[in-house]
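Notes for the one structure printed next.
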Amino acid sequence: MRTNILSLLRFIAAIIVILFHLKGKFEYLNSLPGIFLAGPQICTFFIVLSGFVLGMTHNKECVVKTSTFIIKRLHKIYPIYFVSLFLCVPILLLQDKFEFYIFIINLGLLQSWIPPYPLSVNGPAWFLSVLFFCYITFPKLLKYLNTKSNKSGLLYWSLFLWVITQVVHAIILNSNYYTGTSSISHDLIYYFPVSHYCSFLLGVSGYIWIIENNPTIHNYFNNYLFLFLSLVIIIITIQNQNHITNVINIDLPFGASFYAPLFLLLIVSVFLLSDIKFNNIFTKTLSYLGELSFPIYILQSPVADFTFFVLTKSNIDISLQLPLYFLCLFIVSVIVTSILEMITFKYMNKKEIY
């Protein structure tokens, strides 16, 4: 049940990112509270959650073979990512923006490493470039942890790395080197994989800390209070980013791992409450929504381009375009996921990867 509740968080986070990307097209979305448009911040949540879930999944394993681990991770993310890239090609060709070498960079999940290409081809997929880097390091990290008698110390080192990362980001952001969006300096702060590694490390170390310290999971009053406080702090901080910046007179890298510790607090508080029993149908629904969050996230851009082109040409009222887009995105994600899972699962079984 724990993973199902966390999967629901992932699904909600994916919807928030989509709303953020659509706020320029639908002006009325800008009237929503800041938490519902916190796309860049929510990407940090994805990275923290990925680290937490990997720690939970592999904590009891002494050794994880790097090649097998990477193949399994690629099996989960690459087929849908591959489809999303090729869905973007016709759009880029029509706009006369297709460049083969940039497509190859994206195909190799290298776009976030090479400014100015993080948002090229399929913009939201920059996150996968970061995540794949984190995946590559995980087996070595797990091997290192298994040499330590006190693994919970990793959390303090992760927090230290987070502080260093934020200080470096803030210095660059407030220096003459930073020249705004669509610049190398911006890409290095907000998209470069190393800039987000502290978020992944916090996620892994957060779960390790829980296992090592065995906090109570049955004091529901305290756990609900913990959940409420962490959520309120996140919402208030996101809602008042501009005010905070004006008060301290320093630009902060809110979209570059800034919220990682707060998101870890939220994830931990939900995790400590998620042993509550639910109806089996509800549990399966949560699990399915969680699995669908990735295709929804990665297909959002090409499906948006096609859907809004057709809806606009058909003179569909603007008030209906957003719900119709979400319906199309959901249907396409379900169909693509079902087909690809059937194909890749047969291949992986044939190769005896599982």
Side-chain angles (χ1 to χ4, degrees), residues 1-10 13 44-66 68-70 72-73 76 130-131 133-163 165 196-231 233-234 257 259-278 283 286-287 290-291 293 354:
M1 187 59 206
R2 295 185 186 280
T3 56
N4 293 331
I5 292 292
L6 294 177
S7 292
L8 178 62
L9 290 182
R10 186 183 286 113
T44 294
F45 171 81
F46 279 131
I47 297 171
V48 176
L49 182 59
S50 295
F52 190 89
V53 171
L54 279 181
M56 179 170 56
T57 305
H58 297 281
N59 176 60
K60 294 182 180 180
E61 298 181 36
C62 295
V63 178
V64 173
K65 188 177 178 182
T66 302
T68 302
F69 177 80
I70 296 301
K72 287 183 177 180
R73 292 296 103 188
K76 290 183 177 296
V130 174
L131 195 61
F133 165 67
C134 297
Y135 286 162
I136 291 173
T137 66
F138 181 74
K140 296 297 182 183
L141 175 63
L142 191 63
K143 183 178 180 181
Y144 169 78
L145 285 172
N146 284 319
T147 66
K148 302 295 179 181
S149 57
N150 182 14
K151 299 178 183 179
S152 60
L154 179 64
L155 178 62
Y156 308 113
W157 283 109
S158 301
L159 287 169
F160 177 73
L161 178 61
W162 174 80
V163 170
T165 302
H196 295 275
Y197 191 69
C198 59
S199 296
F200 178 76
L201 207 57
L202 276 170
V204 176
S205 61
Y207 181 78
I208 298 298
W209 184 88
I210 290 176
I211 296 302
E212 291 290 300
N213 293 274
N214 194 27
T216 177
I217 62 173
H218 298 296
N219 190 332
Y220 291 118
F221 176 79
N222 287 342
N223 290 339
Y224 275 116
L225 180 62
F226 189 33
L227 172 61
F228 174 77
L229 290 176
S230 62
L231 193 56
I233 293 171
I234 290 170
S257 293
Y259 287 94
L262 289 175
F263 284 140
L264 179 60
L265 289 175
L266 175 64
I267 292 167
V268 168
S269 62
V270 171
F271 177 81
L272 293 177
L273 283 167
S274 57
D275 65 333
I276 301 173
K277 303 299 182 183
F278 288 104
T283 301
L286 293 182
S287 179
E291 292 175 2
S293 62
Y354 287 112

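Fair warning: this is a prediction, and the values are worked out from it, not measured in the lab.
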Can you list the steps and then say if K151 with I211 is a side-chain contact (heavy atoms from CB on, under 4.5 Å)?
CA-CA 9 Å; K151 299 178 183 179; I211 296 302; over 6 Å; no
Could you walk me through whether F45 and L9 satisfy the side-chain contact (heavy atoms from CB on, under 4.5 Å) test, starting with their C-alpha distance in whole Å, then the side-chain angles of each, then the deciding distance to 0.1 Å, before giving a yes or no?
CA-CA 9 Å; F45 171 81; L9 290 182; 3.7 Å; yes
Going through the checks in order, is the side-chain contact (heavy atoms from CB on, under 4.5 Å) test met by V268 and F52?
CA-CA 9 Å; V268 168; F52 190 89; 4.0 Å; yes
Take L265 and L227 through the test side-chain contact (heavy atoms from CB on, under 4.5 Å) and record every step on the way to the result.
CA-CA 8 Å; L265 289 175; L227 172 61; over 6 Å; no
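From K65, atom NZ reaches atom NZ of K72 across 11.0 Å, with rounding to the nearest 0.5 Å. In this structure, CG in L229 is found 11.0 Å from CD1 in I234, a value given to the nearest 0.5 Å. Residue W162 holds its CH2 atom at 8.5 Å from CG of L202, rounded to the nearest 0.5 Å. Distance check, rounded to the nearest 0.5 Å: CG of L262 to CG of L231 gives 11.0 Å. The distance from atom OG1 of T165 to atom CZ of F160, rounded to the nearest 0.5 Å, is 10.0 Å.
Tested against S205 for a side chain to side chain contact (heavy atoms under 4.5 Å, CB included), the candidates L154, I210, L159 yield a single pass: L154.
Residues H196 and S257 approach most closely at CA-OG, 3.4 Å, considering heavy atoms. Minimum interatomic distance between I47 and S199 (heavy atoms only, all atoms of both residues): CG2-CB, 3.8 Å. The shortest heavy-atom contact between G203 and L264 is CA-CD1, 4.3 Å.
Between Y156 and W209, some side-chain heavy-atom pair lies under the 4.5 Å cut-off. The closest side-chain heavy-atom distance from I208 to L155 is not below 4.5 Å. Between L54 and Y207 the shortest side-chain heavy-atom distance does not fall below 4.5 Å. Counting heavy atoms from C-beta outward, L141 and L201 have side chains that approach closer than 4.5 Å. In this structure, F271 and M56 have side chains that are in contact, with non-hydrogen atoms separated by less than 4.5 Å. Residues V48 and L266 have side chains not in contact (no heavy-atom distance under 4.5 Å, counting atoms from C-beta outward). Residues Y135 and F138 are not in side-chain contact: their nearest non-hydrogen atoms beyond the backbone lie 4.5 Å or more apart.
Residues F133 and F200 place their aromatic rings such that the two centres sit no closer than 6.0 Å.
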